[in-house]
2 protein chains.
Amino acid sequence: METSTEEKIIQAAEKVFVRDGYDGARMQSIADEAEINKAMLHYYFRSKEKLFQQILTGKIKAFLPTILGIIQAEMTILQKFEAVVDGYLKMLSENPRLPIFILFSTYRNPVILEQLPREVFHGLIGFIKKAIRNGELKKVDPEHLLVSMMGMCVFPYVAKPIASHMLGKSDDEYLLFLRNRKKEIMTLLKELVN
Amino acid sequence: METSTEEKIIQAAEKVFVRDGYDGARMQSIADEAEINKAMLHYYFRSKEKLFQQILTGKIKAFLPTILGIIQAEMTILQKFEAVVDGYLKMLSENPRLPIFILFSTYRNPVILEQLPREVFHGLIGFIKKAIRNGELKKVDPEHLLVSMMGMCVFPYVAKPIASHMLGKSDDEYLLFLRNRKKEIMTLLKELVN
DNA sequence: GTCTATATACAGATAGAC
DNA sequence: GTCTATCTGTATATAGAC
């Protein structure tokens with residue numbers, strides 16, 4: 001029932017920034033959404049810029065694949081792929097507007113990325129390399145494969161308006177399309193496994 | 001040597017809108033870029049909104065695959081894939097910031113999409129369906145395959161800041177990475193061909 | 001068509017009472 | 001901590017001289 005003012009601001013700011021972007025967001029919109037006074041935003045966070053940085057940093061960390069922990073050593077490479085794709089698609093289905101927000105924000109201000117850890121990517125690339133050495137996987141470039149996997153997951157979300165229009169799908173039909181996505185991505189990835 | 005004022009405005013507006021987005025763009029920046037007076041923007045285009053609509057519509061049309069005309073009936077499906085991927089990646093390498101601009105803009109204002117033709121997508125999906133019937137291609141969902149192809153092409157561009165950081169690549173190294181992209185996408189697509 | 005000057009609106013941010 | 005009132009800058013847009 002009780003939410004602190006600071007927490008209310010953060011939740012409202014997430015919603016407004018993710019929806020409207022930094023330049024499109026209004027401090028008044030955030031205050032309205034949080035049902036508090038506009039002056040409180042500055043009392044707690046000093047400036048729009050500072051509030052935004054905090055929201056963006058938090059969201060980027062959620063956006064990066066945190067699935068690495070789930071992966072077990074005994075899994076086959078295909079099972080690992082499935083864990084990554086599945087975990088990622090689930091997060092995206094819960095936060096469909098998140099990727100376009102993050103990608104656009106980092107384009108306009110890449111400095112924020114410097115504090116981000118690279119272990120997740122390195123870990124996944126390591127798995128792929130090992131699977132190739134084992135003969136478990138066909139010879140492909142690990143970095144390109146990882147980018148392809150992420151692209152296949154993320155693109156239908158960042159391109160939702162244009163893709164649903166081009167495919168002639170209503171919002172409901174496009175949701176259904178997204179739900180079939182995992183199976184279709186895995187069909188492609190299976191072809192790479194020996 | 002001679003460029004009409006209207007043309008100078010359009011070129012400047014393309015540059016500024018694509019770089020900064022609608023909300024981030026300033027009419028003064030466009031005027032400076034075009035080396036004309038700010039009042040001229042309103043004389044020729046009435047409002048920022050109208051100028052933006054015109055730029056965005058033009059850019060979306062360039063963004064959609066116009067490669068369909070190149071495709072010949074005698075080509076194998078793999079050659080058709082290669083034509084699409086190659087044409088698309090070339091356009092992207094010449095306009096690296098275009099996709100993030102269009103995708104973000106259509107997210108904020110999807111109405112603009114209504115005037116866009118769907119033939120390009122339908123044409124490509126038709127080719128894929130036919131190839132499956134012929135036994136030329138493994139059984140995959142044509143719509144998903146098309147979205148996967150586009151995602152593999154576009155994602156490395158829209159995610160450039162985050163991907164180059166995660167892979168630990170400098171700008172030059174990332175450019176090289178992008179230049180190898182075609183080969184790696186085709187490696188994946190080849191596995192789908194019988 | 002092109003300029004200068006200005007109108008109008010609204011954004012982020014702060015001062016100060018309670 | 002929370003509010004109202006207000007400051008200050010700057011954005012889009014227009015009026016009107018040339």
Side-chain angles (χ1 to χ4, degrees), chain A residues 1-59 97 101-102 104-109 111-112, chain B residues 1-59 97 101-102 104-109 111-112:
Chain A
M1 206 68 219
E2 313 224 351
T3 321
S4 72
T5 303
E6 190 168 346
E7 188 54 36
K8 281 199 285 183
I9 292 175
I10 289 176
Q11 285 175 14
E14 285 179 350
K15 178 170 176 181
V16 173
F17 278 133
V18 168
R19 186 188 63 208
D20 299 338
Y22 177 78
D23 295 311
R26 295 289 163 255
M27 294 297 264
Q28 186 63 58
S29 306
I30 296 173
D32 292 348
E33 185 70 37
E35 295 176 306
I36 49 122
N37 192 282
K38 189 167 62 115
M40 301 305 290
L41 300 177
H42 293 95
Y43 177 80
Y44 280 96
F45 295 93
R46 281 186 61 91
S47 70
K48 180 183 181 184
E49 181 66 29
K50 283 204 165 44
L51 176 55
F52 177 74
Q53 298 283 346
Q54 183 161 329
I55 302 295
L56 179 59
T57 309
K59 287 293 180 186
R97 303 188 69 125
F101 164 71
I102 290 175
F104 188 74
S105 301
T106 51
Y107 239 103
R108 300 220 65 209
N109 178 19
V111 188
I112 197 99
Chain B
M1 207 66 218
E2 314 224 348
T3 320
S4 72
T5 303
E6 190 168 346
E7 187 54 37
K8 279 199 286 184
I9 292 175
I10 289 176
Q11 286 176 14
E14 284 178 351
K15 179 169 174 180
V16 173
F17 278 133
V18 168
R19 187 189 60 208
D20 298 339
Y22 177 77
D23 295 311
R26 295 290 163 252
M27 294 296 263
Q28 187 62 59
S29 305
I30 297 173
D32 293 347
E33 185 70 36
E35 293 177 305
I36 49 124
N37 192 282
K38 190 167 58 117
M40 302 303 293
L41 299 177
H42 293 94
Y43 177 80
Y44 279 96
F45 294 91
R46 280 187 60 89
S47 70
K48 180 184 180 181
E49 182 65 30
K50 283 204 165 44
L51 176 55
F52 177 74
Q53 297 284 345
Q54 183 161 329
I55 302 296
L56 178 59
T57 310
K59 286 293 179 186
R97 303 187 70 126
F101 164 70
I102 290 175
F104 188 74
S105 301
T106 53
Y107 239 103
R108 301 221 64 210
N109 178 20
V111 189
I112 197 99

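Labels below follow one simple rule: chain letters A, B, ... track the order of the sequence lines, proteins then strands, and each chain is numbered from 1.
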Check: Can you tell me how far C1' of dA13(D) sits from CE of M40(B), to the nearest Å?
Finding: 15 Å
Check: Rounded to the nearest 0.5 Å, how far does CG of L56(B) lie from OG1 of T106(B)?
Finding: 7.5 Å
Notebook entry, point to check: Do L51(A) and Y44(A) have side-chain heavy atoms sitting under 4.5 Å apart?
Noted result: no
Notebook entry, point to check: With side chains defined as the heavy atoms from C-beta onward, is the minimum distance between D20(B) and D23(A) less than 4.5 Å?
Noted result: no
Notebook entry, point to check: Roughly how far apart are I55(B) CD1 and I9(B) CD1, rounded to 0.5 Å?
Noted result: 10.0 Å
Check: At what distance, to the nearest 0.5 angstrom, does CG of N109(B) lie from OH of Y22(B)?
Finding: 9.5 Å
Next item on the list: Using atom CZ of R46(B) as one end and atom P of dA13(D) as the other, report the distance to the nearest whole Å.
Entry: 10 Å
Item checked: Matching residue for E33(A) among R26(A), K15(A), K38(A), K8(A) - test: salt bridge (charged side-chain N to carboxylate O under 4.0 Å, His left out) -> K15(A)
Next item on the list: Heavy atoms of chain A, cut-off under 4.0 Å: which first and last nucleotide of DNA chain C, 5' to 3', fall inside that, if you could look?
Entry: dA11(C) to dT14(C)
Margin query: Just to be sure I understand the rule, does F45(A) reach a base, reach only the sugar-phosphate, or reach nothing, if contact means heavy atoms closer than 4.0 Å?
Written below: nothing
With 3.5 Å as the limit, what N/O pairs link the protein to nucleotides 8-12 of chain D?
residue : atom : partner : partner atom : Å
dT12(D) : OP1  : M27(B)  : N            : 3.2
dT12(D) : OP1  : K48(B)  : NZ           : 3.4
dT12(D) : OP2  : M27(B)  : N            : 3.1

Checklist line | From CZ (R108(A)) to CZ (R19(B)), nearest 0.5 Å | finding: 8.0 Å
Next item on the list: Report yes or no: does S105(B) contribute a side-chain atom to a donor-acceptor pair with the main-chain N or O of F101(B) at less than 3.5 Å?
Entry: yes
Notebook entry, point to check: Tell me: CG of N37(B) to C1' of dA15(D), nearest whole Å?
Noted result: 14 Å
